[in-house]
Each structure stands twice: as structure tokens, then as C-alpha cells.
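This report refers to the structure that appears directly beneath it.
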Protein chains: 2
Amino acid sequence: MTTRDHALLRIAVDLVILTVREGALQTLVVIRGNKPFAGQFALPGGFVRAGEGLDDAAVRELAEETGLDGGSLHLEQFAVYGEPDRDPRGRVVSVAYLAIMPDLPVPTAGSDASGAAWVPVSKIHGSLAFDHDRILTDAVERARRRLELTTLATAFCPAEFTIGDLRSVYEVVWGESLDPRNFSRKVINTEKFIEPTGAKRIPPTGRPAALYRAGGATTLNPPIMRNRSR
Amino acid sequence: MTTRDHALLRIAVDLVILTVREGALQTLVVIRGNKPFAGQFALPGGFVRAGEGLDDAAVRELAEETGLDGGSLHLEQFAVYGEPDRDPRGRVVSVAYLAIMPDLPVPTAGSDASGAAWVPVSKIHGSLAFDHDRILTDAVERARRRLELTTLATAFCPAEFTIGDLRSVYEVVWGESLDPRNFSRKVINTEKFIEPTGAKRIPPTGRPAALYRAGGATTLNPPIMRNRSR
DNA sequence: GCAAAAGTGTTCTTGGTACACCCATGG
DNA sequence: CCATGGGTGTACCAAGAACACTTTTGC
């Protein structure tokens, strides 16, 4: 059985970089400059190099596409896609990573891509190259579930944020509205989820909101669950 | 940047096959017959063949190791391990699968392994070849979390089972004891989790228990959560 | 009748939801 | 003083935990 018919193949990382911008869940896409699917939108990503770890490759690609230090933001492997025919260039197994970042002025033209841009996930759905539509869908579902059980929501926020900011992350990603008052309490009563900085932010109109930073916790205890019935 | 330093590598699938046997969570391990780590325990697995999908490879390996039809039981990809030095033979990226099966008389000597055996995960921990200890740990944690939100527990049970059987799956996998009476109600009131067959099983002593089979649902609504405080 | 396991009923507590209400600011 | 968003108090309801109690079998 130890016939030598193992596939020798290349491995790639693809990044689903999510943020909340202009009240919508958006993802960073590049316009492909090269042959397969040229001119079409695709997720940023690239081949893993010899001697390079998968996570390292993801951090490197993230830096190349966004100019940001991948080590400083949330980056998490979430699936592998390995259908033999998923890439017309030959067999490529792709490891998909979910990256979450605050709304920063980022998109720069990437190295092997002619451009990069934020697009709302609701708009882009159905028009990505390769099997990237499915990857994006899986990533979004993953992010939605992660909000329930982990402190992932803080990764969407800048260093200092209000509870209202945090709530709007949940509302935008889940696509449902939450009661601001109950949300406050839940978040404040969850140990190490957020901690007050002492500062306040004065909104254009209304009472100033206390500012918080992310607490030490990574898991949410108790969880903040979506309304599964509605 | 499109230098040709992409890694050309082999990809493997590794299987964490879990079952509940003799009141303990056990996993199927093989004794390695070949060079690296020869004579040591390892997870069953093997290289993906040319033109073969990842899931297909997992099903094939499962059949080779256990003689069972992989399509009929729970099989789920859960992580990728791709450190450049994780395999002394060269670069191998491994896709890890979690398989769940009822307690069946299974282990047959595998093809490229000199033997296979069930061992309790609590016993084997720390003695597996490659990075398989970590893979096993990740798999068990995954299974524990899956019990909370999905109907995975039924995959540990034979076609017909009692609520007591199902409860003992939770108790063994989670390592905590549950109230039989409250557990019954929770499970019965969860839509499509289990459905009665009408038959009963007479235990050596005690009142006969109604038999059930798995219902159609895959997600558990409401979830059955572990006691996170204790 | 006794042991053992299945299953029901009941109370208590906790956590979620809905919502009235008050607070702090800019205009 | 009004509009606007931040934040607290409270009443209600549903789900979970604990546990007394009944049922159904083999011996």
C-alpha cells in the first residue's frame, strides 16, 4: 500500500480579514492581477514558503496586504480546503485564517495584487474567485459563533472603546439589534471582559460614555448567546 | 515577490477516533512499524493521494484502520498542523480529523501499521509520536465543546440506546456527573435530538428503559452546557 | 419485599428580557 | 429645556439545579 502516489503539492494561506466599517461587516478583498480569475475579486493570500510555518505565512501575508503587524491582532486558523480541483493551476491546499481588526485606514495595493479594498460581505457574496465564496461564508459563520463564547468582539474595536461601540459590533456581525441596557450589564458583569480606563468620550450629542479597554479574558463566562428562536 | 520558493510538500490526514469503552473515553492508536518513531504509538493516518480529496482520504484511512465505512459515522475536520519540523522525514502538513463511533469490536491490524488498539486518552497522554499528543488534546477539547452545542453524543451510541447511555457519554467525555432526572427532561424536550423507537431494554436490575434512536437534528437548541464554574 | 435504575413533580434560584426611568452633555 | 445617547432599577418569565417521590423490573 505504500505506493508512491502521494500528492506533492503546494500549500497556501487565505485570509478573511473582517472589520466593522460604516455600520456594516466588511472584508478585505484584492483584485487579482494574474492569470486565473484575473480582474476578479479574491481573498488575500499566497503560497507558504519553504521552511515557513502556516501561522507565520498568515502573519506575513497579512502584513503584505495591510501593512499591519499580524502579531498584534486576532488571527486564527479555521478551516482547510483541499478539493483536488479547487485551483485550476494544479493542486493547492489552502489553510484559511480569520483575522479581525478595528476600522483602520488600511488598504494598500498589495504585492501580487493590483489593488485591495474593503467591501461589505453582504455585497461581495457570490462573486469571489476560486472557492473563496464558501471560505468567506464559513469565516463569517465562525466569527458569529465566536462572539457568543469568546471576547472576539474586542478585536473589532480600537484600543479604547465604549460599550456602545462593542454592542454595535455584535449588532452588525449578528445582524440583529440588542437591548443597550441589558447589554451593558451583561458585559460589565462578565469578569475580565472589559476594564474601564477612567476616561470618557463626548459624543456629538448625548451623555458622555465611559471608555474601556479589553480585559484579560479570552472566553466569555457566561456566554452572550444569539437569540436562536427569532 | 513571486519568487519560486513555495514549499512543495506532502499532505497527510491524521485521525482521532474516539469512543466510550469500559466507562472511559478511548482513542484508537496504532503502533508504528516504520522508521520514524518505530514501535511507538501514533494516531492512525496516512498521506493523501494524488487527485484525492481530503475528506475522501480521511474516509479511506478510517476504513483501512478500522474496516468500517467512514461515510456512515461522524467524521469532521478540525485542525491543520503545519510546523516545518513536525515530521523528521521532511515537510508534511497534516489535516486532523475527529471521528466518533460507538463501542464496536473493531481494531484490526492496519495496512502500514503493525497493530491497532483502543487506549484511554487519560493513559496515552504524553507518549504519542510526532506532535500527536497535541492533536489528541485538541481533538478531545473539540469533542467536549461539540457535545454542548450539537447532537454529537448520539454518534458515540449504537443505533438504539437509552437516555442513560446518552448521559454516560456526556459524563465520561466531560468527566463530570450529571443529574439523571434533569438530563432526561432536557434531552426529551430538545426537538429532534432523539426519538423513541417504542422498544425497551431490560437491565440486569431495575426498571426497563425506553430505547431511542438519533433524531434528525444536528445542532442542539437549547444547548446543553457544561458546568463552567465547578 | 428489596435493590436498582427509570422517570415525574415540585421548589428554589438564577439569568434573561422588557421597559420605565434617571443622568449628562451640546445646542 | 430639548434631543440624544449612557446607564440603573425593577418586574416578570423561563430555564436550570436540587431533590423527594413514584414506577417497573429481577431476585
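Values below: every heavy atom of this structure, side chains too, minus hydrogens, waters and symmetry copies. Throughout, protein chains are lettered first and strands after them, A, B, ... in sequence-line order, and every chain is numbered starting at 1.
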Starting at [atom1] of [X] and ending at [atom2] of [N], how long is that distance when rounded to a whole Å?
X	N	atom1	atom2	value
Asn182(B)	dC12(C)	CG	P	16 Å
Leu211(A)	dT25(C)	CG	P	14 Å
Arg201(B)	dG7(C)	CZ	P	11 Å
Arg226(A)	dG16(C)	CZ	P	16 Å
Ile224(A)	dG16(C)	CD1	P	9 Å
Leu166(A)	dG7(D)	CG	C1'	15 Å
Asp179(B)	dT10(C)	CG	P	17 Å
Leu178(B)	dG7(C)	CG	C1'	16 Å

* Asked: Looking at dA6(C), does its base get a donor-acceptor pair with the side chain of Arg207(B) below 3.5 Å?
  ->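 Answer yes: a donor N or O sits under 3.5 Å from an acceptor.
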
* To do: Check if the side chain of Arg185(A) and the base of dT10(D) share a donor-acceptor pair of N or O atoms closer than 3.5 Å.
  =>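 Indeed, a donor on one side and an acceptor on the other fall under 3.5 Å apart.
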
* **Tyr170(A), OH atom: more than 12 neighbouring heavy atoms under 6.0 Å** =>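 It does: Tyr170(A) OH has more than 12 such atoms within range.
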
* To do: Quick one: label Pro203(B) by what it contacts on the DNA or RNA (base, sugar-phosphate, nothing), any heavy atom closer than 4.0 Å.
  =>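 Touches nothing.
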
* Report which part of the nucleic acid Pro204(A) touches: base, sugar-phosphate, or nothing (heavy-atom distance under 4.0 Å, all strands). =>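 Sugar-phosphate only.
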
Of all the nucleotides listed ([options]), which has the minimum atom distance to the side chain of [X]?
X	options	value
Ile202(B)	dT25(C), dT25(D), dC19(C)	dT25(D)
Arg181(A)	dG7(D), dA4(C), dG26(C)	dG7(D)
Ala209(B)	dA20(C), dA3(C), dA6(C)	dA6(C)

* **Short side-chain N/O contact to dG5(D) OP1/OP2 from Arg167(A), under 4.0 Å** =>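 Checking Arg167(A) against dG5(D): no side-chain N or O falls below 4.0 Å of OP1 or OP2.
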
* Can Arg226(B) and Glu141(B) be counted as an ion pair, charged N to O under 4.0 angstrom? ->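 Salt bridge flag = yes for Glu141(B) with Arg226(B).
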
* To do: Tell me, with the steps shown, if Leu220(A) and Thr190(A) meet side chain to side chain contact (heavy atoms under 4.5 Å, CB included).
  => CA-CA 7 Å; Leu220(A) 232 42; Thr190(A) 301; 4.2 Å; yes

* Under 3.5 Å, is there a donor-acceptor pair linking the side chains of Tyr212(A) and Asp165(A)? ->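 Side-chain D/A pair, Tyr212(A) to Asp165(A): absent.
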
* Asked: Do Tyr97(A) and Asp55(A) have side-chain atoms, one donor and one acceptor, less than 3.5 Å apart?
  ->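 Side chains of Tyr97(A) and Asp55(A): pair found under 3.5 Å.
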
* **5' priority, DNA chain C, between Lys186(A) and Lys200(A) [closest heavy atom]** =>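 Between the two, 5'-proximity favours Lys186(A).
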
* **DNA chain D: 5'-proximal contact among Pro208(B) and Met225(B) (nearest heavy atom)** =>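 Looking at the nearest nucleotide for each, Met225(B) comes out on the 5' side.
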
